[in-house]
Protein chains: 2
Amino acid sequence: MPRTADHDERRDRIARALLRVVARKGLADTTMVDVAEEAGASVGMVQRYFRSKKDLLRFGVEHLYRRGAERLEGVERRPPFRDLLLRLAETLLPLDEERRTELTVWLEFLPATVTDPDLAGLHRGTTRLLVDGFADAFTIAGQTGAFPTENDPTEEAVALVSLVDGLTIHHLLGSDHFGADRIRTVLCTHIDRLLAPAPGTTGA
Amino acid sequence: MPRTADHDERRDRIARALLRVVARKGLADTTMVDVAEEAGASVGMVQRYFRSKKDLLRFGVEHLYRRGAERLEGVERRPPFRDLLLRLAETLLPLDEERRTELTVWLEFLPATVTDPDLAGLHRGTTRLLVDGFADAFTIAGQTGAFPTENDPTEEAVALVSLVDGLTIHHLLGSDHFGADRIRTVLCTHIDRLLAPAPGTTGA
DNA sequence: ATAAAAATATTACGAGCATATTTTTATTGC
DNA sequence: GCAATAAAAATATGCTCGTAATATTTTTAT
């Protein structure tokens, strides 16, 4: 009988190698040979696990989103709501080397997401989950008074996600004014403002 | 003397053709032949005006940022400040076909901006101008009471630009919850909130 | 021990592309 | 009208990369 290998482990190893190469060289300059070398494997082996380059890329993106979801799930669900919200949102920012790498790769894949229907679906699904997740959290927080009822949960979720992603992109591109401290402060201010009751409203 | 051609006009024609092709097929699938065909020219002619593909791409990006700047300059400078700010910010959103095309191309170029130093410089310079422009506007508005003095002008500018770009990207990627109406509303809410004095502050 | 089958490695091919080179065409001064 | 020369088009070249085809190694059941 034939020999056996841990397929899932191999696929993951290759996917992680892909992400490292893309983070280093950019998606446009990433070749199958690069990925194979980075994974310490041959091109043939990469081909064995991924029928085509497109397959490999799709799996890589899935891996990426999975990692993001894991990180979000790992956040402590401890009140007060304001701090919890801040922890969740900060999780999405490139504030350490690992997230920086992953989000750089995410940025590399964004344009492909416009063209490729599979990637588009993946992106939309993930974004939807994220926005709905925040919106649900806002709705629940509204019942305990931690979120002003005059605000629309979905709108606020859209705003928060957009702000975070905008900050992320500019930070990654190295724009002036978008240093790590600054983007944290901006996020903080935004959250405090959206949780504060509107001026003309009584706090009770 | 030999025959002569309007070089600037030609360069612009080619650049515009490039942007149309990139918007349609994506940067990764855009070839010199594509651009030449779109411009109604031969590859040789494109080569005459742009020594290499990289040159062409850089010029295209410059063209892009120039168009954005022109649009901003074309905005009516009429008070009240809140409406002016809204008009300026909306100018950056992909709310019609032309801006949609241009911003799609901008998105296509974002990853290249990470790698290519020239493009990075261009991006940083433009972003800096934009953020400083908004910050200056906030500072001036602060003197007339239209902008709460307890807010930091630069921070607010960073937040506004990030929010706009985040909304733009998600809208272009066709995410649910990021329709045209929604992103306008979200922008509106953000502006109203940042211009409103903080709860614990007297309006005077 | 060995045969069979699976996993992995190597090599080869061909498409597509940017760019260099050559050829043709058009225009202007004399 | 005829060189002279710039502009544009056509063609040629060489390289990179994805993929397919082939070869080699490794494992295990008999």
Side-chain angles (χ1 to χ4, degrees), chain A residues 1-61 105 108-109 111-112 115-116 118-119, chain B residues 1-61 105 108-109 111-112 115-116 118-119:
Chain A
M1 275 311 214
R3 75 179 188 182
T4 173
D6 186 338
H7 287 205
D8 289 343
E9 190 274 337
R10 285 276 193 282
R11 288 172 74 88
D12 259 44
R13 165 198 291 270
I14 295 170
R16 288 203 310 277
L18 165 72
L19 300 189
R20 283 197 302 275
V21 176
V22 171
R24 178 151 31 90
K25 308 182 54 179
L27 181 56
D29 294 339
T30 297
T31 73
M32 295 292 268
V33 176
D34 291 331
V35 176
E37 277 179 4
E38 179 78 23
S42 69
V43 177
M45 176 171 149
V46 175
Q47 284 183 302
R48 176 166 199 75
Y49 288 96
F50 298 96
R51 205 179 307 280
S52 70
K53 190 180 186 182
K54 220 186 138 185
D55 279 9
L56 171 58
L57 298 185
R58 177 147 81 247
F59 188 82
V61 173
V105 176
E108 289 287 334
F109 273 102
T115 313
D116 189 306
D118 292 326
L119 293 184
Chain B
M1 281 291 247
R3 74 180 181 181
T4 177
D6 185 340
H7 288 205
D8 289 343
E9 190 273 338
R10 284 272 196 287
R11 287 172 75 88
D12 259 44
R13 166 197 292 271
I14 295 170
R16 287 204 310 277
L18 166 72
L19 300 189
R20 283 196 302 275
V21 176
V22 171
R24 178 151 30 90
K25 308 182 55 179
L27 181 57
D29 293 340
T30 296
T31 74
M32 294 293 268
V33 175
D34 291 330
V35 176
E37 276 179 4
E38 179 77 23
S42 69
V43 177
M45 176 170 149
V46 174
Q47 284 182 301
R48 177 164 200 76
Y49 288 96
F50 299 96
R51 206 178 304 279
S52 70
K53 189 180 186 181
K54 220 185 138 187
D55 279 8
L56 170 60
L57 298 185
R58 177 147 81 247
F59 188 81
V61 174
V105 176
E108 289 288 334
F109 274 102
T115 313
D116 188 306
D118 292 327
L119 293 184

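Residue numbering restarts at 1 for every chain, and letters A, B, ... go by the order of the sequence lines. What's counted below: heavy atoms across the whole structure, side chains too, no hydrogens, waters or symmetry copies.
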task = Test A:V35 against every option in A:L57, A:L19, A:V22, A:L56 by the side chain to side chain contact (heavy atoms under 4.5 Å, CB included) rule and name the one that passes.
result = A:L56
query = Hey, does B:R10 have a side-chain heavy atom less than 4.5 Å from the side chain of B:M45?
reply = yes
request  = Take A:R58 and A:D116, measure what salt bridge (charged side-chain N to carboxylate O under 4.0 Å, His left out) needs, and give me the verdict at the end.
outcome  = CA-CA 10 Å; A:R58 177 147 81 247; A:D116 189 306; 5.3 Å; no
message = I want to check one thing: is the phosphate of C:dA6, taken as OP1 and OP2, less than 4.0 Å away from some side-chain N or O of A:H7?
response = no
inquiry  = If the cut-off is 4.0 Å, is B:R10 near the phosphate of D:dA7, judged by side-chain N/O to OP1 or OP2?
reply    = no
query = How are the rings of B:H7 and B:Y49 set relative to one another: parallel (under 30°), tilted (30 to 60°) or perpendicular (over 60°)?
reply = perpendicular
task = Find the distance A:M45:CE to D:dT26:P and express it as a whole number of Å.
result = 15 Å
inquiry  = Which heavy atom of B:L119 sits nearest to which heavy atom of B:A112, and what is that distance?
reply    = CD1-CB, 3.8 Å
note = Tightest non-hydrogen contact, residues A:P111 and A:E108, listed as CD-O, 3.5 Å
request  = Taking the side chain as every heavy atom from C-beta outward, state whether A:E9 and A:D12 have any pair of such atoms under 4.5 Å apart.
outcome  = no
ask   = Between D:dT19 atom C1' and A:L56 atom CG, what is the distance in whole Å?
value = 14 Å
task = Scan A:R51 against the nucleic acid and name what it touches under 4.0 Å (heavy atoms): base, sugar-phosphate only, or nothing.
result = nothing
Secondary-structure string, 5' to 3', Watson-Crick or G-U under 3.5 Å, | for another-strand partners, for DNA chain D = ||||||||||||||||||||||||||||||
Shorter than 3.5 Å, N or O on both sides, protein versus nucleotides 14-18 of chain C: list them out with atom names.
{"residue": "C:dA18", "atom": "OP1", "partner": "B:K53", "partner atom": "NZ", "Å": "2.5"}
{"residue": "C:dA18", "atom": "OP2", "partner": "B:M32", "partner atom": "N", "Å": "3.0"}

key: Shortest non-hydrogen contact between A:G60 and A:L18, atoms and distance   = CA-CD2, 3.9 Å
request  = Using atom CZ of B:F50 as one end and atom P of C:dA20 as the other, report the distance to the nearest whole Å.
outcome  = 16 Å
For the student: nearest non-hydrogen atoms of A:T30 and A:K53, plus distance = O-NZ, 2.9 Å
query = Below 4.0 angstrom from OP1 or OP2 of D:dA6, is there any side-chain N or O of B:R48?
reply = no
task = Ignoring the backbone of B:A41, work out which of D:dA9, C:dT19, C:dT10 is nearest its side chain.
result = D:dA9
key: Proximity to DNA chain D (any heavy atom under 4.0 Å), residues of residues 20-28 of chain B only   = none
query = What pair of heavy atoms forms the shortest contact from B:R51 to B:D55, and how long is it?
reply = CB-OD2, 3.6 Å
task = Return the value, rounded to whole Å, for the distance between atom CD of A:E37 and atom P of C:dT8.
result = 18 Å
ask   = Under 4.0 Å between a side-chain N/O of B:Y49 and OP1 or OP2 of D:dA7, yes or no?
value = no
request  = Examine distances only and state if a side-chain atom of B:E38 and a backbone atom of B:A17 form a donor-acceptor pair shorter than 3.5 Å.
outcome  = no
